[in-house]
Amino acid sequence: NRSVFYPNISGSFIPTEAFEFLRNKKNVNYLKVRLGYSTAANFPGPYSTRAALNISTRNFVTATGAVINTNSIPNFLPNPNLKPELMAETETGIEGKFFQSRLSADITFYDKIANDQILRRDLDPSTGYSATNINAGNVENKGIEVALGYDVIKSKNWRWHTDVLYTLNKSMVSGIPSDIAQVNVSGYSNLGTFAKNGYPYGVIIGSYFKRAADEQRIVGPDGNYIAANDIKVIGDPNALYKLTSINSLSSDFPLKNKN
């Protein structure tokens with residue numbers, strides 16, 4: 001497991017150059033269809049697959065002036081079967097320019113999955129180690145990206161250009177072993193954002209209030225909401241979609257020389 005093969009391949013086709021009837025058109029100036037498949041790897045840190053010895057030189061000096069060096073065995077168990085993470089993505093899209101390149105469009109569909117995630121597994125202290133790394137868990141992201149551009153004003157000296165960007169991404173976590181309830185992304189060991197089977201990546205786990213059968217929060221005798229004794233998934237911080245607009249205004253006034 002000291003190496004991994006991660007190939008990439010992509011191709012594109014430009015109809016406005018391939019077909020005679022699409023050339024030199026005023027309404028359709030450019031069309032491009034593309035398809036690609038790419039992979040990438042993420043390798044674990046050093047000394048994750050084989051045992052090592054911690055050496056501390058000049059750890060302390062005795063009263064007689066003797067320098068003491070110490071050796072120790074790390075409490076992290078190496079895993080010789082650990083493999084690099086492998087990420088694969090399939091992407092297809094279409095680009096176009098229309099109406100004398102005044103309107104542009106770029107639409108992309110993608111499906112990306114990360115396999116064999118490197119996760120930390122806690123061990124019973126009786127083993128002599130506190131944790132080890134394992135390959136488990138998959139994260140899949142599917143989505144669409146749309147970029148539209150339009151020249152609102154396009155004259156000899158002025159140009160007002162608007163870009164609109166729309167992004168929609170859906171993620172899903174799977175393949176985490178049953179003995180690992182969830183993987184912490186940020187926060188604390190039991191409160192924060194986590195990767196959890198069957199949920200989007202980064203869901204929020206925290207405390208919550210008890211609710212009645214009609215989903216109304218239960219109020220205690222003191223007039224405050226009653227907190228539950230356990231924790232659960234209480235939210236998804238991932239945006240339903242992202243919409244961005246960018247406007248730019250530029251001018252071009254040539255300088256005239258006067259004799």
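Nothing here was measured: the structure is a model prediction, and the numbers come from that model.
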Checklist line | Residues Asp230, Lys210: salt bridge by 4.0 Å N-O rule | finding: no

Check: In Å and rounded to the nearest 0.5 Å, what is the CD1 to OG1 distance from Ile144 to Thr92?
Finding: 11.0 Å

Margin query: Counting only heavy atoms not in Phe194 (residues, nucleotides, ligands), do more than 12 fall under 6.0 Å from its CZ?
Written below: yes

Next item on the list: Under the side-chain contact (heavy atoms from CB on, under 4.5 Å) rule, what do Thr57 and Ile55 come out as? Steps first, then yes or no, please.
Entry: CA-CA 6 Å; Thr57 60; Ile55 300 177; 4.2 Å; yes

Checklist line | Backbone of Ile176 reached by a side-chain donor or acceptor of Asn197 within 3.5 Å | finding: yes

Notebook entry, point to check: With distance as the sole criterion, is a donor-acceptor pair present between the side chains of Asn247 and Thr162 under 3.5 Å?
Noted result: yes

Next item on the list: List the steps and the verdict of side-chain contact (heavy atoms from CB on, under 4.5 Å) for Met87 and Asn42.
Entry: CA-CA 8 Å; Met87 291 157 281; Asn42 182 32; 3.8 Å; yes

Item checked: Members besides Met172 in its Ile/Leu/Val/Met/Phe/Trp/Tyr cluster (side-chain heavy atoms under 4.5 Å) -> none

Item checked: Salt bridge flag under 4.0 Å for residues Glu95 and Arg34 -> yes

Could you pull out every donor-acceptor pair under 3.5 Å between side chains of residues 64-72 and any protein atom, sequence neighbours left out?
residue, atom, partner, partner atom, Å
Thr64, OG1, Thr62, OG1, 3.0
Asn69, OD1, Arg58, N, 2.6

Next item on the list: Determine whether more than 12 heavy atoms belonging to other residues, nucleotides or ligands lie under 6.0 Å from atom CZ of Phe98.
Entry: yes

Margin query: When you group the ILVMFWY residues by side-chain heavy-atom contacts below 4.5 Å and let the links chain together, are Leu22 and Phe13 in the same group?
Written below: yes

Item checked: Polar side-chain atom of Asp122 near backbone of Ala131 as donor-acceptor pair, under 3.5 Å -> no

Check: Is Tyr47 atom OH crowded by more than 12 heavy atoms from other residues, nucleotides or ligands, each under 6.0 Å away?
Finding: no

Notebook entry, point to check: Is Ser171 reaching over with its side chain to a backbone N or O of Tyr201, donor-acceptor style, under 3.5 angstrom?
Noted result: yes

Check: What's the shortest heavy-atom distance between Asn29 and Ser101, and which atoms?
Finding: OD1-N, 2.6 Å

Notebook entry, point to check: Heavy-atom count around Ile234 CD1 within 6.0 Å, excluding the residue itself: above 12?
Noted result: yes

Check: Out of curiosity, Thr16 OG1 to Lys25 NZ, how far, rounded to the nearest 0.5 Å?
Finding: 12.0 Å

Margin query: Strictly by side chain to side chain donor-acceptor pair (under 3.5 Å), give each pair with a member in residues 136-154 just once, sequence neighbours left out.
Written below: Asn141-Asn169, Asp151-Arg159, Asp151-His161

Margin query: Quick check: is Ile113 connected to Tyr37 through a chain of hydrophobic side chains (ILVMFWY, heavy atoms under 4.5 Å apart)?
Written below: no

Notebook entry, point to check: OH of Tyr30 to OG of Ser104: how many Å apart, nearest 0.5 Å?
Noted result: 12.0 Å

Next item on the list: Please write out which residues are connected to Ile218 in a hydrophobic cluster, directly or through intermediates, given that two of Ile, Leu, Val, Met, Phe, Trp, Tyr count as joined at side-chain heavy-atom separations below 4.5 angstrom.
Entry: Ile226

Checklist line | Taking every non-hydrogen atom, the tightest pair across Pro177 and Arg121 | finding: CB-NH2, 3.6 Å

Notebook entry, point to check: Can Leu103 be reached from Val146 by stepping across I, L, V, M, F, W or Y side chains whose heavy atoms are under 4.5 Å apart?
Noted result: no

Margin query: With rounding to the nearest 0.5 angstrom, report the CG to CG distance, Leu119 to Asn184.
Written below: 12.0 Å

Note to self: With a sphere of 6.0 Å drawn around CD1 of Ile9, does it hold more than 12 non-hydrogen atoms of other residues, nucleotides or ligands?
What the structure shows: no

Next item on the list: Over all heavy atoms of both residues, which pair between Leu191 and Gly206 is shortest? Give the atoms and the distance, please.
Entry: CD2-CA, 3.5 Å

Check: So which heavy atom on Pro237 is nearest to which on Ile204, and how close?
Finding: CD-CG1, 3.9 Å

Checklist line | Residues that, via side-chain heavy atoms closer than 4.5 angstrom, fall in one hydrophobic cluster with Leu35 | finding: none

Check: Can you list every ring pair (Phe, Tyr, Trp, His ring centres under 6.0 Å) pair that touches residues 204-242, not counting sequence neighbours?
Finding: Tyr166-Tyr241, Phe209-Tyr225

Notebook entry, point to check: Looking at Ala147 and Leu165, what are the two nearest heavy atoms and their distance?
Noted result: CB-CD2, 3.6 Å

Notebook entry, point to check: Between Asn8 (side chain) and Thr39 (backbone), is there a donor-acceptor pair under 3.5 Å?
Noted result: yes

Next item on the list: Give the intermediate values and the outcome of side-chain contact (heavy atoms from CB on, under 4.5 Å) for residues Lys32 and Ile94.
Entry: CA-CA 6 Å; Lys32 177 181 178 180; Ile94 183 171; over 6 Å; no

Item checked: same_hphob_cluster(Ile134, Tyr129) at 4.5 Å side-chain heavy-atom cutoff -> no

Checklist line | Connected via hydrophobic side-chain network under 4.5 Å: Val164 and Leu168 | finding: yes

Notebook entry, point to check: Is a side-chain N or O of Thr49 found less than 3.5 angstrom from the main chain of Asn79, in a donor-acceptor match?
Noted result: no

Item checked: Rounded distance [0.5 Å steps], CZ in Arg120 versus CZ in Phe76 -> 6.0 Å

Margin query: If I take atom NZ from residue Lys97 and atom CG from residue Asp106, how far apart are they, to the nearest 0.5 angstrom?
Written below: 10.5 Å

Notebook entry, point to check: Going by heavy atoms in the side chains, are Lys170 and Leu240 under 4.5 Å from each other?
Noted result: yes

Margin query: Among Ile205, Val185, Val183, exactly one meets side chain to side chain contact (heavy atoms under 4.5 Å, CB included) together with Lys196. Which residue is that?
Written below: Ile205

Item checked: Any side-chain heavy-atom pair of Thr127 and Leu77 under 4.5 Å -> no

Notebook entry, point to check: Are Phe99 and Asn27 close enough that some pair of their side-chain heavy atoms sits under 4.5 Å apart?
Noted result: yes

Note to self: Any non-hydrogen side-chain atom of Glu89 less than 4.5 Å from a side-chain atom of Tyr110?
What the structure shows: yes

Notebook entry, point to check: Does some side-chain heavy atom of Val233 sit less than 4.5 Å from a side-chain heavy atom of Tyr199?
Noted result: yes

Next item on the list: Please name the pair of heavy atoms, one in Leu86 and one in Tyr6, separated by the smallest distance, quoted to 0.1 Å.
Entry: CD1-CB, 3.9 Å

Checklist line | Within-4.5 Å side-chain heavy-atom neighbours: Thr193 and Val203 | finding: no

Notebook entry, point to check: Looking only at side chains, do Ser56 and Asn59 share a donor and an acceptor under 3.5 Å apart?
Noted result: yes

